[in-house]
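All remarks here apply to the structure that follows.
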There are 2 protein chains.
Amino acid sequence: MKLSQVSANKVDKDSVIPIYYQLAKVFEKMIYSGNLNPGEKLTPENDIADHFKISRMTVRKALSELIDDDLLYSEKGKGTFVAKPRLDNVEFELQNFREEIKKRGMEPNPKLLKVKIKRANNEMSKKLHIKKGTKCLDFSLVISADNEPLIYEDKYIVYSKHKPILETELKDPSLSNLAMLHGNHYPVMSKMVLNASKADKNVANKLNIKKDAPVFVIEQTLFDSDKKPVGWGRSICRGDKFKFTSFSGWSKNNDNSKDKRGFEYE
Amino acid sequence: MKLSQVSANKVDKDSVIPIYYQLAKVFEKMIYSGNLNPGEKLTPENDIADHFKISRMTVRKALSELIDDDLLYSEKGKGTFVAKPRLDNVEFELQNFREEIKKRGMEPNPKLLKVKIKRANNEMSKKLHIKKGTKCLDFSLVISADNEPLIYEDKYIVYSKHKPILETELKDPSLSNLAMLHGNHYPVMSKMVLNASKADKNVANKLNIKKDAPVFVIEQTLFDSDKKPVGWGRSICRGDKFKFTSFSGWSKNNDNSKDKRGFEYE
DNA sequence: GAGTGGTCTAGACCACAGT
DNA sequence: CTGTGGTCTAGACCACTCG
């Protein structure tokens with residue numbers, strides 16, 4: 001990179017907008033516009049600082065923003081370089097379903113099918129690493145929106161408290177909320193596994209779809225700080241209503257890629 | 001947080017390990033061990049700096065590491081606080097399939113079924129925003145590992161160069177590589193959509209599974225810097241062989257969560 | 001040895017919270 | 001008002017890379 005390329009851009013030291021932020025935008029723009037190409041070496045930090053008459057630490061703050069965004073990378077002793085867009089490395093985001101549905105302007109309507117205290121059977125004892133017969137809370141529900149069933153959920157919480165189940169707390173029937181309210185230990189870690197599957201007769205009936213229709217199956221296990229499972233749940237989502245979308249690489253406009261990414265339903 | 005809690009911990013100024021890193025580990029440990037609880041306010045930066053006899057900027061560097069990791073958050077004028085673990089917000093990662101397969105110690109074996117120049121039909125003109133009849137490159141392949149077919153792929157590249165297709169480049173048959181080698185414009189943005197579906201007769205045959213067996217369908221569109229599509233591909237992955245796994249929240253050991261996360265096959 | 005990024009310092013001023 | 005985090009400076013020394 002030649003400094004003459006950036007000389008058209010300047011930073012306003014008296015602006016309320018931080019200098020490092022302005023500077024980061026200058027470089028970001030140059031990358032997105034093709035003024036700065038993948039692999040190209042940037043002017044050294046010291047020279048940038050001199051050119052803009054700012055401190056090197058401020059330059060570093062600007063560059064580190066872009067390094068965090070994977071637009072740049074630096075190599076000790078060598079320099080800072082423009083990165084290649086990582087087109088094949090994407091992330092699919094998933095919040096809890098109520099939030100995902102709300103984000104799309106619809107009102108999630110969870111309907112509790114059952115809540116009961118159940119003694120662990122084979123599957124539960126395996127999933128929760130507990131002995132068969134241990135008392136668990138068993139929740140089962142369907143989440144709908146616009147009068148259409150979307151998700152069928154089954155959840156188990158290792159249980160010993162004798163706390164009543166309140167109407168209000170069923171407004172957030174996420175596994176983590178249920179575990180925090182009713183479990184013995186506070187969950188601090190979550191494992192999720194996403195599978196493609198097809199609806200069995202029972203699920204098809206609950207979700208108002210045909211048997212063998214494609215579904216996403218998402219299993220979640222919650223662990224306490226000792227890595228012991230405290231809760232397990234399985235959510236079955238209609239394949240015709242849900243999809244994951246993700247963007248990666250560079251986008252010219254200021255990319256709130258977070259907004260365009262995630263678990264969608266249509 | 002009381003400073004007496006941290007006084008047992010110290011940082012070694014003469015270590016080769018950066019002070020900010022040592023300090024970050026101190027706080028990280030306190031959070032994971034329950035010594036510091038969600039919502040709790042940290043000692044002010046100035047006090048931490050005084051206590052460890054280091055510069056405030058170094059303290060800030062340490063804290064910003066933990067803020068990046070979502071272990072802390074700060075509020076201007078108020079203080080820095082311990083965050084709650086976000087158990088219901090996960091990310092499923094997906095690299096390109098050859099990397100995913102390699103990462104699991106197996107050798108991906110892509111087999112090209114066809115490569116040809118094709119004039120855009122209805123679907124292609126829709127996906128690539130081009131007129132029907134425009135020349136495209138059409139690739140179709142099956143990726144196997146351990147002599148088992150895993151993924152069936154169909155890809156189209158908007159094409160005008162007359163460049164020969166070399167054996168070597170088929171070693172990386174990812175859409176982005178093909179687009180870079182044969183497309184007219186350099187791709188800088190990628191959109192991926194993940195669906196649950198079932199195998200049709202043709203795919204079932206190619207992947208050696210039953211018709212209607214569950215599959216993941218991943219569509220990828222590549223765009224150039226003008227947001228014009230330059231390539232489109234669809235990968236169909238056997239549902240019995242692939243799953244996504246993701247961890248979130250806190251894990252006591254130094255969490256290389258990246259290693260435990262992503263698109264797995266078993 | 002010269003160039004580069006990584007770390008660190010000891011100050012400074014600001015905007016914002018809560019009192 | 002005081003306390004807090006956010007920004008910024010003008011230096012410094014180091015480890016690394018490369019010719």
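In what follows, chains are A, B, ... by sequence order, proteins preceding strands, each numbered from 1.
Residues Glu75(B) and Lys53(A) each lie close to DNA chain D; by heavy-atom proximity, the contact nearer the 5' end of the strand is made by Glu75(B). Between Arg56(A) and Lys78(A), the residue anchored nearer the 5' end of DNA chain D, judged by the nucleotide with its closest heavy atom, is Arg56(A).
Nearest approach of Met57(A) to Met57(B), heavy atoms of both residues: CE-CE, 4.3 Å. Between Met189(A) and Trp250(B) the shortest heavy-atom distance is CG-O, 2.8 Å. Summarising the geometry of Asn46(B) relative to Arg56(B), their closest heavy-atom pair is OD1-CD, 3.5 Å, with the distance given to 0.1 Å. Val230(A) and Pro187(A) get closest at one heavy-atom pair: CG2-CB, 4.0 Å. Minimum interatomic distance between Phe97(A) and Leu94(A) (heavy atoms only, all atoms of both residues): CE2-CD1, 4.0 Å.
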**Study point:** Step-by-step side chain to side chain donor-acceptor pair (under 3.5 Å) determination, Asn89(B) to Glu99(A)
**Key:** CA-CA 10 Å; Asn89(B) 197 341; Glu99(A) 294 308 319; over 6 Å; no

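When the P atom of dA12(C) is taken as reference, atom CD of Glu45(B) falls 18 Å away, rounded to whole Å. The interatomic distance linking Asp14(B) (CG) with dT9(C) (C1') rounds to 15 Å, in whole Å. The separation between Tyr73(B) atom OH and dG6(D) atom C1' is 18 Å, rounded to whole Å. Note: CG (Leu63(A)) to C1' (dT4(C)) measures 13 Å, nearest angstrom. Here the P atom of nucleotide dC8(D) and the CZ atom of Phe52(A) are 14 Å apart, to the nearest Å. Rounded to whole Å, atom P of dG6(D) lies 8 Å from atom NZ of Lys61(A). What separates CG of Asp50(B) from P of dT9(C) is a distance of 12 Å, to the nearest Å. If you take CG of Asp12(B) and P of dC8(C), they are 11 Å apart, rounded to a whole angstrom.
Checking the phosphate oxygens (OP1, OP2) of dC8(D), no side-chain nitrogen or oxygen of Lys13(A) falls inside 4.0 Å. Put simply, Lys76(A) has no side-chain N or O that comes within less than 4.0 Å of OP1 or OP2 on dT17(D). Put simply, Arg60(B) has a side-chain N or O that comes within less than 4.0 Å of OP1 or OP2 on dG6(D). Distances shown here put a side-chain N or O of Thr58(A) below 4.0 Å from the OP1 or OP2 atom of dT9(D). Distances shorter than 4.0 Å separate none of the side-chain N or O atoms of Tyr20(B) from OP1 or OP2 on dC8(C). At least one side-chain nitrogen or oxygen of Ser74(B) sits closer than 4.0 Å to the OP1 or OP2 atom of dG6(D).
Residues Ile157(B) and Trp232(B) are not in side-chain contact: their nearest non-hydrogen atoms beyond the backbone lie 4.5 Å or more apart.
The nucleotide whose nearest atom lies closest to any side-chain atom of Met57(B) is, among dG5(C), dC8(D), dG5(D), dC8(D). Here the side chain of Lys41(B) is nearest to one of dT9(C), dG5(C), dT4(D), namely dT4(D).
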Side-chain atoms of residues 72-87 of chain A: list all donor-acceptor pairs with protein atoms under 3.5 Å, sequence neighbours left out, distances to 0.1 Å.
from, atom 1, to, atom 2, distance (Å)
Glu75(A), OE1, Lys78(A), NZ, 3.1

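The strand DNA chain D forms stems, runs of 3 or more Watson-Crick or G-U wobble pairs with distances below 3.5 Å, at C:1-16 with D:3-18.
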